[in-house]
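Inspection log for the structure reproduced underneath, given as structure tokens.
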Protein chains: 2
Amino acid sequence: MQAAREIFHERGYAETSLADIAERARARGGSLYYFFKSKEKLLEAVLEDYKAIMRPVLLDPIWQKTSDPLERVWSLLSRYRELLLHTEFRYGCPIGNLALQVGHYLPEARVKIDENFRGWRGAVHDCLQEAGSRLPADLDREGLATFILSVMEGGVMQSRCAKSIEPFDASVDVLKDYFSRLQSEGMRPHRKE
Amino acid sequence: MQAAREIFHERGYAETSLADIAERARARGGSLYYFFKSKEKLLEAVLEDYKAIMRPVLLDPIWQKTSDPLERVWSLLSRYRELLLHTEFRYGCPIGNLALQVGHYLPEARVKIDENFRGWRGAVHDCLQEAGSRLPADLDREGLATFILSVMEGGVMQSRCAKSIEPFDASVDVLKDYFSRLQSEGMRPHRKE
DNA sequence: GTCTATAACTCGATAGAC
DNA sequence: GTCTATCGAGTTATAGAC
């Protein structure tokens, strides 16, 4: 299943054959059917696994680097930046990829992708809550967590196609500017349109 | 080619067979090869066409609704909102879909997808420039245009998977809040971190 | 549990009639 | 130009030996 996760990420779902997965797992194609009754079920297991490893594999190592909740958010975004650079813009966010690859015709997978997004937003939302009074009290922090995921996914998408880190960096820079304005609000009440 | 554009959008590139395309074009599979020497070349022609129709088909009807440059940006985003609602979250941005479907293994297509993104950002950038002094003078308007595309693509991605307009709306709402803060800057100089 | 062998199918692409 | 017919390759999935 680790093999499936890797190759789905590298090549995409449709472009990956079960023989490819079996080869990386040092097995033969037919053996996979002992554990998964179809390619689709294998994908669902991979997506379920992504949910399970998000905290121990993705978040915990980042959370460990700093205890400042806002720094954790920036560090999480940096993780995707490193992924882009490290893979020379070939891969990207594995969940985002699968979202636009199979989200529209594999309903069960779509639901599990949504659950992964919810988990990610939830983790960022926790950071925003923990930031307490450093952000405006009346701020919609759920909405802001969704917004941050949008910026990340959109930035990764653009940088992959541009084969340049520029669009990702530009997106994160603007996000940081927004935060600096949110955090300076204390000095003067913000007037909503 | 219109048929190809539609079905690539609805089903995705890998899930679309040339027979499907020919059927919608009221032709037979073999006939396509008189115009396109491969499925990949057909995709490239579709992406080239997207660039060509962006202005007359996507932008001009929106620009016509209002001459206010910032309203044009919100109206453009509303167009994607309507697309999500109108298709019950099945489709999404056709370029974004293709970006994460084939961007990593069809190099020529990836370049043309990038060109589409550049065109979109360019149109938004023109709006931001036209907004003149309504935005801070020292603002990076190229970066902001990239940011807006990120928010749109990320919002569409999340809403499709959630089958709910909430993530898209939340993303756009936060973006509007950012703009309202940018526009109120005139009242008091903003201190950069 | 893991393998081999293969069934059943789909797809992209080509050849050639008209 | 558009069609029919088909090739060849690759795929998912199954059957059954070991």
Side-chain angles (χ1 to χ4, degrees), chain A residues 1-50 90-91 94 97-113, chain B residues 1-50 90-91 94 97-113:
Chain A
M1 205 174 71
Q2 182 186 350
R5 191 174 61 231
E6 289 172 8
I7 311 196
F8 285 161
H9 188 197
E10 292 166 14
R11 304 187 206 171
Y13 178 75
E15 290 74 28
T16 299
S17 76
L18 295 177
D20 295 333
I21 296 168
E23 184 187 5
R24 182 166 304 199
R26 286 191 288 274
R28 306 287 168 154
S31 304
L32 297 176
Y33 285 87
Y34 180 76
F35 301 97
F36 311 98
K37 78 168 199 192
S38 71
K39 186 183 179 184
E40 188 176 337
K41 290 293 177 192
L42 171 56
L43 171 65
E44 291 167 21
V46 165
L47 286 166
E48 201 64 38
D49 192 47
Y50 267 122
R90 277 194 301 267
Y91 310 157
N97 293 350
L98 291 170
L100 299 199
Q101 282 168 16
V102 307
H104 53 301
Y105 74 104
L106 297 180
E108 290 87 355
R110 197 211 83 242
V111 170
K112 290 186 188 301
I113 291 164
Chain B
M1 205 174 73
Q2 183 187 348
R5 191 174 62 230
E6 291 172 7
I7 311 197
F8 285 160
H9 188 197
E10 293 166 14
R11 303 188 206 172
Y13 178 75
E15 290 73 28
T16 300
S17 76
L18 296 177
D20 294 333
I21 296 168
E23 183 187 6
R24 182 166 305 199
R26 285 190 289 273
R28 305 288 167 156
S31 304
L32 296 177
Y33 286 88
Y34 181 76
F35 301 98
F36 311 99
K37 79 169 199 193
S38 70
K39 185 183 179 184
E40 188 176 338
K41 291 294 177 191
L42 171 57
L43 172 64
E44 292 167 21
V46 165
L47 285 166
E48 201 64 39
D49 192 48
Y50 267 123
R90 276 195 300 267
Y91 310 156
N97 292 351
L98 291 170
L100 299 199
Q101 282 169 15
V102 306
H104 53 300
Y105 74 105
L106 297 180
E108 291 88 354
R110 182 194 58 75
V111 170
K112 290 186 189 302
I113 291 165

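Note on naming: letters A, B, ... go to the chains in the order of the sequence lines (proteins, then strands), and numbering restarts at 1 for each one.
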Phosphate OP1/OP2 of dT2(C) contacted by Y34(A) side-chain N/O (<4.0 Å)
no
Can you check whether R28(A) has a side-chain N or O nearer than 4.0 Å to OP1 or OP2 of dT2(C)?
no
To the nearest angstrom, how far is [X] atom [atom1] from [N] atom [atom2]?
X	N	atom1	atom2	value
F36(B)	dT2(D)	CZ	C1'	15 Å
L32(A)	dT4(C)	CG	P	13 Å
R26(A)	dG1(C)	CZ	P	19 Å

Decide, yes or no, whether a salt bridge links R90(A) with E10(A) under the criterion of side-chain N to carboxylate O below 4.0 Å.
no
side-chain contact (heavy atoms from CB on, under 4.5 Å) partner of K112(B), chosen from L106(B), L47(B), V46(B)
L47(B)
Return yes if some donor-acceptor pair links the side-chain N/O of H104(A) with the main-chain N/O of R11(B) below 3.5 Å, else return no.
yes
Count the heavy atoms of every other residue, nucleotide or ligand shown that sit under 6.0 Å from CD of E23(B), and state whether that count exceeds 12.
no
Generate the contact string for nucleotides 7-18 of chain D. Rules: B means base contact, S means sugar-phosphate contact only, - means no protein heavy atom under 4.0 Å.
----SSBB----
Regarding the side chain of S31(B), the nearest nucleotide among dG1(C), dC3(D), dC3(C) is dC3(D)
Would you mind reporting whether L100(A) and L98(B) have side-chain heavy atoms less than 4.5 Å apart?
no
Any ring-ring contact (aromatic ring centres under 6.0 Å, His included) involving residues 11-47 of chain B? Give me the pairs, sequence neighbours left out, ordered by first then second residue.
F8(B)-Y13(B)
